[in-house]
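Side-chain atoms are counted along with the backbone in the values below, which use heavy atoms only and exclude waters and symmetry mates. Chain A is the first sequence line, chain B the second, and so forth, proteins listed ahead of strands; every chain is numbered from 1.
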2 protein chains.
Amino acid sequence: MEAKTLLKEHIAKTVSLTEEEFDYFFSHFKSLSFKKGQTIISAGDKVDCEYFVISGCLKAFYINDEIKMYILQFAMPTWWTSDYNALYNQTPAAINVDCITDAEVLCLSNSDREKLCAEFHQVEHFFRWRTNKGYIASQKRLLSFMNNNVKIRYEELLALYPQLYNLVPKHLIAAYLGVSRETLSRLYNS
Amino acid sequence: MEAKTLLKEHIAKTVSLTEEEFDYFFSHFKSLSFKKGQTIISAGDKVDCEYFVISGCLKAFYINDEIKMYILQFAMPTWWTSDYNALYNQTPAAINVDCITDAEVLCLSNSDREKLCAEFHQVEHFFRWRTNKGYIASQKRLLSFMNNNVKIRYEELLALYPQLYNLVPKHLIAAYLGVSRETLSRLYNS
DNA sequence: TTGGTTACGTGATGTAGATCACATTCTTAT
DNA sequence: ATAAGAATGTGATCTACATCACGTAACCAA
């Protein structure tokens, strides 16, 4: 689907904008294409934008002591991603975002988002709801982390995002679950 | 500090409301007092409100198989708490909220919040920022969970909220860290 | 085609933290 | 004041998962 249509339908699920309002809104986004493996945000970078995924799959991840990787989020079409801490607080990125597959994204700068939120009450409403959903999902994941062992978390993940199983290598799924690739391998071969 | 003043100063950190606007905003809150140990939300309940803490300390927690407790959040003065998943999606509460100490809270219904957000762009802005902060904090905690062992998480918690050390029993701190009370005990006696 | 890199499987062993059990102290209610 | 229940400390043992080590298969790029 075309980028503009995808974003339009995504927004329309939460708020109603007129044709002109949406066109104006959309004019603040920049379209970017990336190849598999390319980096969108590197730890240490200044972060100016958040990204809306049109096609492909990204990962947002943290690297500990240059050794271990923990995946905070897989970003699929219609998902938003960035280092929001860095973006909102104007601090250097602590996490990285890169492309698991070739990807097309729309990029919105922090200042444009704030401008659009100030100009259109409806846009502010949209972003409030989007963040709400993210917050709730994050709380759920935290709880699952505390409450469930790896096997259950693995099954939850596949139930929620079945497409991941074929799309992303298993060691990345392990990095999302916070478990070693060996343990994950033993888990589903039994 | 008086409830109204506390809320007013809290809101003023993010947005500017006129005297009349704030009075109108405030008129939607109900003041409630609880004794230590009293329950505010029980798992299974319908959840209608979110709560702004004026004094005392609450905990929001999940109970697994009627045995293990995991604390999602300690709520101190000027913090907001509820079961947001239940509140926004109108599902029965999955988590509980109760009082670690005697507490005074202001209660705002979901419908009143949405009404106020629709009526005042500034109020919508305030709630967007509040949720943003919560989301960022939740992501940080998740990352710390994956990345750090109990000792480091314990030190992080005390660095962030030194007042907790004297205020809440250690087994609750263990429940926040997702660790057994025995392990926590051994940890800080060494 | 070949050589190098990445993904994946699997055994052996190590370890952080859980669980169980029981003792001690501190709170709270009557 | 006293009894009962909460909170805490500490040893012994168990277990889920990490780590290390090595092997094979798949996927590339020259």
Side-chain angles (χ1 to χ4, degrees), chain A residues 35-39 57 59 61-71 74 96 98-102 142-158 164-190, chain B residues 34-39 56-57 59 61-71 74 96 98-103 143-158 164-190:
Chain A
K35 288 285 169 195
K36 177 177 176 173
Q38 272 194 287
T39 297
C57 181
K59 65 178 192 285
F61 60 104
Y62 175 77
I63 294 203
N64 150 342
D65 306 327
E66 327 235 314
I67 296 178
K68 280 204 198 173
M69 173 177 67
Y70 297 100
I71 294 181
F74 292 112
N96 310 268
D98 70 16
C99 301
I100 295 177
T101 66
D102 290 357
L142 183 64
L143 199 52
S144 178
F145 228 94
M146 293 200 280
N147 191 33
N148 300 134
N149 64 20
V150 180
K151 180 156 201 168
I152 296 177
R153 299 208 305 278
Y154 177 62
E155 285 160 3
E156 275 182 359
L157 179 65
L158 289 193
L164 280 182
Y165 187 84
N166 294 313
L167 191 59
V168 316
K170 310 250 178 298
H171 73 272
L172 294 184
I173 293 186
Y176 180 93
L177 296 173
V179 80
S180 71
R181 58 168 199 83
E182 292 95 330
T183 295
L184 182 63
S185 166
R186 281 184 251 267
L187 206 82
Y188 59 69
N189 294 324
S190 64
Chain B
F34 295 96
K35 288 283 168 198
K36 177 177 179 173
Q38 271 194 287
T39 296
C57 182
K59 65 178 191 284
F61 60 105
Y62 175 78
I63 294 204
N64 151 341
D65 306 326
E66 327 235 315
I67 297 179
K68 279 203 198 175
M69 173 176 66
Y70 297 100
I71 294 181
F74 292 113
N96 310 269
D98 72 14
C99 302
I100 295 177
T101 67
D102 290 357
L143 199 53
S144 179
F145 228 93
M146 293 201 279
N147 191 32
N148 299 133
N149 63 21
V150 180
K151 181 156 200 169
I152 295 177
R153 299 209 305 278
Y154 177 63
E155 285 161 2
E156 275 183 358
L157 178 65
L158 289 193
L164 280 182
Y165 188 83
N166 294 313
L167 190 59
V168 315
K170 309 254 179 294
H171 74 271
L172 294 185
I173 293 187
Y176 181 92
L177 296 173
V179 80
S180 72
R181 58 171 199 83
E182 294 95 331
T183 296
L184 183 64
S185 166
R186 282 183 251 268
L187 206 83
Y188 58 70
N189 294 324
S190 63

Checklist line | OP1 or OP2 of D:dT19 under 4.0 Å from side-chain N/O of A:S180 | finding: no
Margin query: Tell me whether the side-chain N/O atoms of A:K170 come closer than 4.0 Å to OP1 or OP2 in C:dG9.
Written below: no
Next item on the list: Round to the nearest Å and state the distance from A:L187 atom CG to D:dA18 atom P.
Entry: 10 Å
Next item on the list: Using the six-membered ring wherever Trp is involved, compare the ring planes of A:F145 and B:F145 and label them parallel, tilted or perpendicular (cut-offs 30° and 60°).
Entry: perpendicular
Margin query: Whole angstroms only, please: what is the CZ-P distance between B:R181 and C:dA18?
Written below: 12 Å
Next item on the list: For B:N189 and D:dT10, give me the distance from atom CG to atom C1', rounded to whole Å.
Entry: 9 Å
Next item on the list: Rounded off to whole Å, could you give me the CG-to-C1' distance for the A:N149 and D:dA16 pair?
Entry: 9 Å
Check: Touch check for A:G37, heavy atoms < 4.0 angstrom, all strands: base, sugar-phosphate only, or nothing?
Finding: nothing
Notebook entry, point to check: How is B:K36 classified with respect to the nucleic acid when contacts are heavy atoms under 4.0 Å: base, sugar-phosphate, or nothing?
Noted result: sugar-phosphate
Notebook entry, point to check: C:dT10, C:dG17, D:dA7: which one has an atom nearest the side-chain heavy atoms of B:V150?
Noted result: C:dG17
Notebook entry, point to check: Does B:H171 place a side-chain N or O at less than 4.0 Å from the phosphate oxygens OP1/OP2 of D:dA6?
Noted result: no
Next item on the list: Test for a donor-acceptor pair under 3.5 Å between the base of D:dC17 and the side chain of A:E182, counting only N and O atoms.
Entry: no
Item checked: Spacing between A:L172 atom CG and C:dC8 atom C1', to the nearest angstrom -> 13 Å
Checklist line | Whole-Å distance separating the CD1 atom of B:I67 from the P atom of C:dA18 | finding: 15 Å
Check: In this structure, are over 12 heavy atoms from other groups packed under 6.0 Å from A:K36 atom NZ?
Finding: no
Next item on the list: Let me know the distance between CG of A:L184 and P of C:dA7, rounded to the nearest Å.
Entry: 14 Å
Note to self: Donor-acceptor pair, distance only, cut-off 3.5 Å: does the side chain of B:N147 make one with the backbone of B:L143?
What the structure shows: no
Notebook entry, point to check: Does A:S185 have a side-chain nitrogen or oxygen under 4.0 Å from the phosphate oxygens OP1 or OP2 of C:dG9?
Noted result: yes
Note to self: Is there a side-chain contact between A:Y188 and the phosphate of C:dC8, meaning an N or O under 4.0 Å from OP1 or OP2?
What the structure shows: no
Margin query: Quick check: do B:T39 and B:N96 have side-chain heavy atoms less than 4.5 Å from each other?
Written below: no
Check: With the threshold set at 4.0 Å, does a side-chain nitrogen-carboxylate oxygen contact exist between B:D102 and B:K35?
Finding: yes
Checklist line | Between C1' of C:dA7 and CE of A:M69, the distance in whole Å | finding: 12 Å
Next item on the list: Could you tell me whether the phosphate oxygens of C:dT19, OP1 or OP2, come under 4.0 Å of any side-chain nitrogen or oxygen in B:K68?
Entry: yes
